Amino acid sequence: MRIAIIGAGLTGLSAAINLREFADVVLFEKSETGGLASSYCREYCIEKFYHHCFRNDFELIKMIKNLKLSSKLVWKVARVAYAVDGNIFPLNTPFEILKYPHMKLTDKLRLAIFTLKSKKRNYREKDDISVEDGIKEELGESLFNSFFYPLLRSKFGENYGEISYAWLLARVAIRSNRKYSGEELGYLRHGFHQMIERMEEGLDIRKGRVKISKNGKFVVNSGEFDNVIFTAPLPELDSRIHVSANLPPIKYQSSVCALIGAEKTVTEDIYWTNVRDRLSFGAIVEHTNFMPFEDYGEHLIYLASYSTPNGNLFSKGDEKLKKLYLNDLEKFGLNAKDINWIKIFKARYSSPIYEKGYIQNIIPYRTDLEGFYVAGMISKPNYPERSMNGSIKSGLEVAEVVKRDSGFD
Ligand SMILES: Cc1cc2nc3c(=O)[nH]c(=O)nc-3n(C[C@H](O)[C@H](O)[C@H](O)COP(=O)(O)OP(=O)(O)OC[C@H]3O[C@@H](n4cnc5c(N)ncnc54)[C@H](O)[C@@H]3O)c2cc1C
């Protein structure tokens, strides 16, 4: 039995690892193994887009253990802050939150109660309400305007108005495990590239864009296959297969990220700073305020923005983006002379847009086209947020479905 897996991101790699004992598996990858979790390497390797993990990322933690990398997995409280008018306000301990001057005390209390209650709520019933309407109705206009709106704009760019309230409720619930000093996050010391390198060991990975057709069997780049597992973003799928598989249209957002090596820190001891001001980036993620500076020998800073696949920001050239980012970064006291290098990384399809009604339309692994399966960012384990854990889980789960359908169970 021959199985073609399209895309060698974490979903495709996990599916291949699960299936290789049972079938002849070929992975097809358009650009880089590891996909959105791939790294940029110089004297060290660092993810192109900031990455960390959570205590309840069970599939990811298990994969790390199976690959004998557990000793590298470290957990630390990652400090967060809000930047307003170029000033950074830490928001970790109750004391810091009380001191924050840009929110009324009544709003702080309301927000605390909302977060505490989030775990017990049935978020699914709020899937048809927009996040803006939901927040305004439940928490009031001023909390929406002063706190949530800048966060939503930073996370979803121009698409924030389409997001469902269920998404927010589910997100708050999974992120409400906090210590007194803040939320603990995990990282694979020296980079997740180590996990990806071990995952790809021994797999048959062929580079290049794929063309899929069906002629009795599936034909992928002139090779014949019994089954196909498609793990790349759905807009990458040939339209004829898309129609035969009866897949719904899914909207995606894109990511634009600057990664900077610098001589100076921007955010002191803060890992994640949401930016309330309207700048070219919505968050500053300072990796070396999370992992030791000595691992890199310079400060590593991400500037994160989201856009649409054909949006204004995504369409700008790298040099224009660098200028824009550096100009805005000066507001935080980092100038061109402090910067060793800057790279721009873009992902056209970086996440589905969790719009109203999304939960009802989550796509199952089996499609209407027999032998053709889809998995990845659009699968159930990646709701309410796509993640390394969700992609590994969806890769392992789709492999189980293929095995069952092929009588390997
Ligand atoms: C800015 C950003 C920050 C993130 N931060 C975190 C984080 O902190 N923690 C976390 O857990 N997750 C994070 N993620 C999410 C995580 O990286 C993804 O959920 C996960 O890596 C997705 O894996 P995947 O295999 O499902 O998809 P992808 O990584 O998209 O893999 C799909 C693969 O298919 C390939 N492909 C596309 N088209 C074709 C084609 N036509 N033919 C062949 N191959 C094709 C692509 O090149 C890619 O390698 C982040 C993502 C982004 C964008």
Side-chain angles (χ1 to χ4, degrees), residues 4-16 26-39 47-61 63-64 78 154-157 174-175 183 185-188 192-193 195-196 199-200 205-212 220-221 228-238 241-242 252-259 271-272 281-283 285 287 290 302-307 314 345-352 374-379 381-398:
I5 299 179
I6 316 303
L10 292 175
T11 305
L13 290 170
S14 306
V26 182
L27 275 147
F28 292 90
E29 171 53 52
K30 181 172 88 164
S31 51
E32 251 183 282
T33 311
L36 294 175
S38 63
S39 291
E47 292 73 29
K48 292 176 183 168
F49 303 102
Y50 45 88
H51 272 75
H52 51 252
C53 57
F54 303 99
R55 285 275 187 197
N56 53 4
D57 282 348
F58 302 119
E59 296 298 339
L60 172 71
I61 294 169
M63 179 65 78
I64 288 172
S154 132
K155 172 103 189 117
F156 293 105
I174 58 167
R175 297 293 299 271
E183 190 182 21
L185 300 179
Y187 187 73
L188 204 60
F192 282 103
H193 70 98
M195 174 179 84
I196 290 158
M199 287 176 88
E200 65 181 310
I205 304 179
R206 308 204 183 152
K207 287 290 168 78
R209 192 175 264 276
V210 290
K211 200 160 168 34
I212 312 170
V220 182
N221 291 2
V228 173
I229 304 176
F230 192 85
T231 75
L234 287 185
E236 293 280 349
L237 180 59
D238 309 49
I241 302 279
H242 203 290
Y252 286 81
Q253 64 174 355
S254 57
S255 289
V256 181
C257 202
L259 175 56
Y271 170 56
W272 190 288
F281 46 87
V285 185
H287 182 77
F290 181 39
Y302 294 96
L303 305 177
S305 347
Y306 288 90
S307 177
F314 191 84
F345 295 109
K346 290 178 175 176
R348 185 179 290 278
Y349 304 111
S350 69
S351 165
V374 288
M377 282 192 284
I378 39 83
S379 303
N382 270 318
Y383 186 85
E385 182 68 357
R386 49 94 177 101
S387 65
M388 295 184 282
N389 184 70
S391 286
I392 290 172
K393 189 161 192 238
S394 75
L396 298 175
E397 284 184 356
V398 70

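This structure is a prediction, so every number in the text was calculated from the model and none was measured. Every number for a ligand or one of its atoms is a count from 1 in the order of the listing. Position 1 is the first residue of the sequence, and the numbers go up from there.
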Find all protein N or O atoms under 3.5 angstrom from an N or O atom of ligand 1 and list the pairs with distances, or write 'none'.
unit_1, atom_1, unit_2, atom_2, d
ligand 1, 5 (N), Y50, O, 2.9
ligand 1, 8 (O), H52, N, 3.0
ligand 1, 8 (O), H52, O, 3.4
ligand 1, 9 (N), H52, O, 2.8
ligand 1, 11 (O), M388, N, 2.8
ligand 1, 12 (N), M388, N, 3.4
ligand 1, 14 (N), H51, NE2, 3.2
ligand 1, 17 (O), H51, NE2, 2.7
ligand 1, 19 (O), S387, N, 3.3
ligand 1, 19 (O), S387, O, 3.2
ligand 1, 23 (O), S391, OG, 3.3
ligand 1, 25 (O), L10, N, 3.0
ligand 1, 25 (O), T11, N, 3.0
ligand 1, 25 (O), T11, OG1, 3.3
ligand 1, 26 (O), T11, OG1, 2.6
ligand 1, 26 (O), S391, OG, 2.9
ligand 1, 29 (O), L36, N, 2.8
ligand 1, 41 (N), E236, OE1, 3.3
ligand 1, 44 (N), K30, N, 3.0
ligand 1, 47 (O), E29, OE2, 2.6
ligand 1, 47 (O), S31, OG, 3.3
ligand 1, 49 (O), E29, OE1, 2.7
ligand 1, 49 (O), E29, OE2, 3.1
ligand 1, 49 (O), E32, O, 3.4

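When all heavy atoms of K346 and F49 are compared, the pair lying nearest together is C-CZ, 3.8 Å.
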Quiz prompt | Steps toward side-chain hydrogen bond (donor to acceptor under 3.5 Å, both in side chains) verdict (S255, S350) | solution = CA-CA 6 Å; S255 289; S350 69; 2.9 Å; yes
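Residues passing the ring pair (Phe, Tyr, Trp, His ring centres under 6.0 Å) test with Y271 are H52, F290, sequence neighbours excluded. A search for side-chain contact (heavy atoms from CB on, under 4.5 Å) contacts involving E385 returns K155, W167, R171, Y354, not counting sequence neighbours. Looking at residues two or more places apart in sequence or on another chain, you find a salt bridge (Lys or Arg N to Asp or Glu O under 4.0 Å) between K30 and E236.
A distance of 8.0 Å separates OG in S379 from CD in E397, rounded to the nearest 0.5 Å.
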